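What follows is one structure encoded as structure tokens, with my remarks underneath.
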Number of protein chains: 4
Amino acid sequence: MSKPLNVGMIGYGFMGKAHSNAYATVNHFFDLQYRPVLKAICARSADKAKSFADNWGYESIETDWRKLLERKDIDLIDICTPNNTHAEIATAAAKAGKMILCEKPLAMTGPEGLQMVEAVEKAKVPNMVWYNYRRVPAVTLAKQLIDEGRLGRIFHYRAKFLQDWTINPELPQGGAALWRLDVAAAGSGVTGDLLAHCLDTALWLNGALDSVNAMTETFVKERKHNLTGKVEKVGIDDAAIFMGRFHNGSLASFESTRYARGHKALYTFEINGEHASIFWDLHDLHRLQYFDHRDQGIVRGWRSIHVSDGDHPYMGNWWVPGLQIGYEHSFVHQVADFLKGLETGKPAMPDFRDAYRTQLVLDAILQSAREQKWVTVARG
Amino acid sequence: MSKPLNVGMIGYGFMGKAHSNAYATVNHFFDLQYRPVLKAICARSADKAKSFADNWGYESIETDWRKLLERKDIDLIDICTPNNTHAEIATAAAKAGKMILCEKPLAMTGPEGLQMVEAVEKAKVPNMVWYNYRRVPAVTLAKQLIDEGRLGRIFHYRAKFLQDWTINPELPQGGAALWRLDVAAAGSGVTGDLLAHCLDTALWLNGALDSVNAMTETFVKERKHNLTGKVEKVGIDDAAIFMGRFHNGSLASFESTRYARGHKALYTFEINGEHASIFWDLHDLHRLQYFDHRDQGIVRGWRSIHVSDGDHPYMGNWWVPGLQIGYEHSFVHQVADFLKGLETGKPAMPDFRDAYRTQLVLDAILQSAREQKWVTVARG
Amino acid sequence: MSKPLNVGMIGYGFMGKAHSNAYATVNHFFDLQYRPVLKAICARSADKAKSFADNWGYESIETDWRKLLERKDIDLIDICTPNNTHAEIATAAAKAGKMILCEKPLAMTGPEGLQMVEAVEKAKVPNMVWYNYRRVPAVTLAKQLIDEGRLGRIFHYRAKFLQDWTINPELPQGGAALWRLDVAAAGSGVTGDLLAHCLDTALWLNGALDSVNAMTETFVKERKHNLTGKVEKVGIDDAAIFMGRFHNGSLASFESTRYARGHKALYTFEINGEHASIFWDLHDLHRLQYFDHRDQGIVRGWRSIHVSDGDHPYMGNWWVPGLQIGYEHSFVHQVADFLKGLETGKPAMPDFRDAYRTQLVLDAILQSAREQKWVTVARG
Amino acid sequence: MSKPLNVGMIGYGFMGKAHSNAYATVNHFFDLQYRPVLKAICARSADKAKSFADNWGYESIETDWRKLLERKDIDLIDICTPNNTHAEIATAAAKAGKMILCEKPLAMTGPEGLQMVEAVEKAKVPNMVWYNYRRVPAVTLAKQLIDEGRLGRIFHYRAKFLQDWTINPELPQGGAALWRLDVAAAGSGVTGDLLAHCLDTALWLNGALDSVNAMTETFVKERKHNLTGKVEKVGIDDAAIFMGRFHNGSLASFESTRYARGHKALYTFEINGEHASIFWDLHDLHRLQYFDHRDQGIVRGWRSIHVSDGDHPYMGNWWVPGLQIGYEHSFVHQVADFLKGLETGKPAMPDFRDAYRTQLVLDAILQSAREQKWVTVARG
């Protein structure tokens, strides 16, 4: 029989919903020793916490996260709050000896991230950051193909994360639903929100980035602020582009924006190697495009792989070939891997240190854009 | 608070898993008065029932479905067993006053289906058949566009369901995993398994079929039978093609096979109307292709609609625009609609009578193929 | 130096333009012993013939095709006139000892086609029918892959030719531009116009068809006739669907229509074999989709082959990899192959006899639709 | 009747073939007052000139381009030679009073380009540069949609030109076929060869670029040189990436490489405006992708426009809807527009000055990559 693992979640927004679904679902499809139990949900508003608890079956609520950390019946703290709260909560949770799953990006800055890394490493608590796209089966398959050496020497890595939801200048900033547009809560705009995802995948698939050269832009300079009711300067970046060099000698070409009309959440990456290339697209996340130059010439072409077979990563646990899975399954897989890591003693990645390395690239990008020059990425 | 609805499920295979997941998930995403409770799972093997119950949280097990029907604590019977058992169980369940959700196809034949219809109508019990593809959001959107009259007069309806998993002649027939290849258990091959799905959607979207002209083929004539251990004649159809006329004057062109190399579960349909056309493909189920001739000429083209916005059918209950959902969500939606139907008194479709009409088309197809002539479809 | 081959063309419409371009272009890209010379263009209207001659550089005009046949300086007669004139002209041209290139379909009926075959075989004149799609490089590549045995046993062949240009009921029938809608000039509607193309390719790629079962439909029953000025019954088929059996045991599923909104000239075919499958689409004619089940499982997928490399059929004669060619190149290739056939003594196909076999299938389709029953295809 | 325009072409390589085909074809499809006459082909090798003349019907040959310029019977000089010869030939041709069509890029550097501009402007001779992709109908359609104001404020312009033909380190540099890999002949690598195309389109569609920040890379550092027979340092850039700002405030993101496995000639661009977005891809050049946010929400999606209708740019001159044209037609259109410009007195673009502006961006890119900093683009 499976062992219960008591979860205390802080935050009840979009990510609270995605994580709760993952905890509720994981044991139905994965054979694991541990079983998450939805023990407590914490939110400043008791009403909202209560309503969320009712919907998802949390056994209790808290309105003060410090109280939650004091509870003996909580094994794991899941941090789903805005970026500017991660460090304080995570550091305290580590001191309280809790396992920690933290939403991405890890922190507001590299130094803040380092504090968090030191806290969990000192406390020796299992920790992980919710860079969920690694666990989309097609992305995991890409990793597998790269690790098998199929691509050969890598020449290019390009990634984009394009959205179009903030083009309307009447959209306000700040507050519960729109904290991502408020620099005080988010730290940055698309850099921390979208490029962070691209970078987590890139460092995982292609290794460290040595140097970057970036530009950012804020297209809409002022927006009404929901917390003050006044029109205020927009402090976040609406768009960010950078080029760079990976440690393996390949060139980086990255872009993210919330002003690309026609793209809802178009995260794509492409890797060009000496022998083979790979392309992936979040809008059709169950497919991987693969080109292998070693195929016979007359029948060489990009292969559209429908990643839904039993021998594809994670897919043996779901349906049958041809039946695709959706966005939320990446979170289910991440919980499954985290729990498996507890069983085996081989922690699932990315842990805080791994996510800290991504944070250092984000810092370098923002510095480069500010100073308009090449910046060497610090090593974490 | 939601009212419990006690579910007793018979069968624990692929569909048992899909339905259990739907019951476990539906209330997390849909606001409903009723809440399914996984009360009992029934299977001939107590071990298998036990194991399934453990995994999904069923409170009890049964090894005799008649016992299950006798239990007062069961409100709803879910029939996930092979086709040749549907009629007997459903008829008995209706007599026992249970709500019934039955896997598709409804029955082995039209007359058998009619018995089932009469049983549930006499007993006045809520009933539904698991033709789940109606509830893929893109398919529901297609229905909405048609109901709004956007297509105008319909000229063509074509559908295909292509698979490739039985090409290997060494694959045996019969038994738990392969009952679909055994005519005694399945009644027919791709006709009842795959064309049935195409027809349910077609009758829903395009109205009744008046007449059909069909051919079937069994490419591999003999296979080892798992129940007897002997090589036996294959009684099912490996492929079926038919043409026909819908009552609205449009032409039908349908095909299904398990011998189309490269297609895992490629269910597609296309509808061509005077003003607009629609195309859908199960392999990318979150997209709908739409062409509207009333668009200005120079920018006219097929639109690839990523059906993931809040105003798309069902999608306001899930994630955010751009994030796709998967196969199993169609079952979640079907349970949601069934429960909503109990609330509102407007039953969700397809009920047994609706599915019986599909059965009559299946009968006409098989008769036409046997007799090599046009057959008029009986009205149900 | 190349030897001149004097061409006399009859007709100056769309096909006259396509053929003239092929004659004018072929020697620039293909190294051939023969060189077509545009000697004479024949049309009933001297003005139109003159204007066409000026544009394309024809050296002379004729207004009576019989005069053209009498000219000693003409080696080859190219018949680009409506279907109901092919037999008379071709038979006379054969008697006059001319080489003949005839537009498709060969004839109005099988028996008429047989007369034409007998005429050219008796006269021993080189002859060919303009079924140009065989010479699209991607289609020729498909033939090559099939001939290499890559597909294994064939299970399915399906083809469609969908257009949408006659949906408007105000469109008249008959006369110069719209003779294809006039049964007296065209013989049939989509069957002879569109299915004929699908069948030529199918018989070439997959061998003979043994039997067919068809239906046709005329959606718009009456149209104004351009020649009489009156509203008259429409005699052609607007849509045709048939199923059938190939001699190799595979199943045929064919459809063509001019009422499929959103499709301008969507000719597609797909062949499913035991080991591999092939798909092609005229709207992106420079690509071939290929699926090979012998690829390793985890990287198996449909390959999108951009047929533009030097080792692809015909492509070494054009540009460089990645640069696509267009529709008219299929005619250039057909002329190139015809001229090469004169050089080598191995005639390019399809000749009249080959096209006659396609005609016999067309006859069987129309008979089957009329009589509503399976029809055995006669052998030619 | 059309007036002859006597063409003298210098160079007989890939571009010589493409241009010759354009001259030979243009009057068949476009109604123009002028008619190019293939008067003379010039090449250092008399044999090669003779052979090319025979194939294309040039009336005479020259082996010294200065002799060609002296001929009175030549109206127009077409320069198809390597980049390092453009300036000298064009300047002399302008002095000789000839019209000039010059292959791209205009020059080796901006200052060299300026000399050429001054020469043609002083001589008042018609002049044009072969940036052919403007005349792909889908690209011209993009221009039309932008000029109509459909996109609104522009936020992003991104372009890529990816190839994979130089990955093999055994490929030599220099000489007739491989002068593009020899910095002495080409001036730069992908910057002048591929980015130049992207920039010509971008400046045309989106206006001037104010500043750029670039990086370049040479992956294979040494290659055998065909002219010396020795292994020599590679002086060209194998890959180039740059970001920048357009004068209209939109962000630029560009990349080109010859090391992107799987892409033969993948030139793509995408423009994101406030209301609408556009995407184009050379590998399927007859399609334009268009997204219009003003479409009704539930049926909003990228439209795949098959640019083959009579009301699409240039397409009324070719075949019928659904029938695509190929790469070489862009050259035919460019000649047609040039000749029309002679008729109307409104010169076809890009002329030398226009192409000089592109040259200034190329200079800025190379300087930025060298100096690793932002560079302001000079205005031409």
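Keep in mind that the numbers below use all heavy atoms, side chains included, and drop hydrogens, waters and symmetry copies. So you know, we letter chains A, B, ... as the sequences are listed, proteins then strands, and number each from 1. As the structure is a prediction and not an experimental result, all values here were calculated from the model.
With a 4.5 angstrom heavy-atom cutoff, C:Ser211 does not touch chain B via any of its atoms. C:Glu255 touches chain B through its side chain: at least one heavy atom from C-beta onward sits under 4.5 Å away, while N, CA, C and O do not. Neither the backbone nor the side chain of C:Gln289 has a heavy atom closer than 4.5 Å to any heavy atom of chain B. For chain C, no part of B:Ser368 is nearby; none of its heavy atoms comes within less than 4.5 Å. Interface remark: B:Phe242 contributes backbone atoms only to the contact with chain C (heavy atom separation under 4.5 Å). Contacts between C:Ile241 and chain B at a heavy-atom distance below 4.5 Å involve backbone atoms as well as side-chain atoms.
The most heavy-atom pairs under 4.5 Å with chain C, out of B:Gly244, B:Gly249, B:Gly301, come from B:Gly244. Counting heavy-atom pairs under 4.5 Å between each of C:His275, C:Arg245, C:Lys160, C:Arg300 and chain B puts C:Arg245 at the top.
Under the 4.5 Å side-chain criterion, counting only non-hydrogen atoms from C-beta, C:Lys373 is not in contact with B:Gln372. The shortest distance between side-chain heavy atoms of B:Leu162 and C:Arg158 falls below 4.5 Å. Between C:Ile167 and B:Phe155, the closest side-chain pair of non-hydrogen atoms falls below 4.5 Å. Between B:Ile154 and C:Tyr259 there is no side-chain heavy-atom pair separated by less than 4.5 Å. Put simply, the side chain of B:Met243 reaches to within 4.5 Å of the side chain of C:Asn213, judged on heavy atoms.
Between B:Ala239 and C:His156, the closest heavy-atom pair is CB-CE1, 3.7 Å.
Side-chain atoms of C:Arg261 come within 3.5 Å of backbone N or O of B:Glu274 as a donor-acceptor pair. Remark: side-chain polar atoms of B:Ser277 are not paired, donor with acceptor, to backbone N or O of C:Gly262 under 3.5 angstrom.
One distance of note links CG of C:Asn272 with OG1 of B:Thr257; it measures 7.5 Å at 0.5 Å rounding. We find the CZ-OG distance between B:Phe254 and C:Ser253 to be 11.5 Å, quoted to the nearest 0.5 Å.
Two rings, from C:His263 and B:Trp302, have their centers less than 6.0 Å apart.
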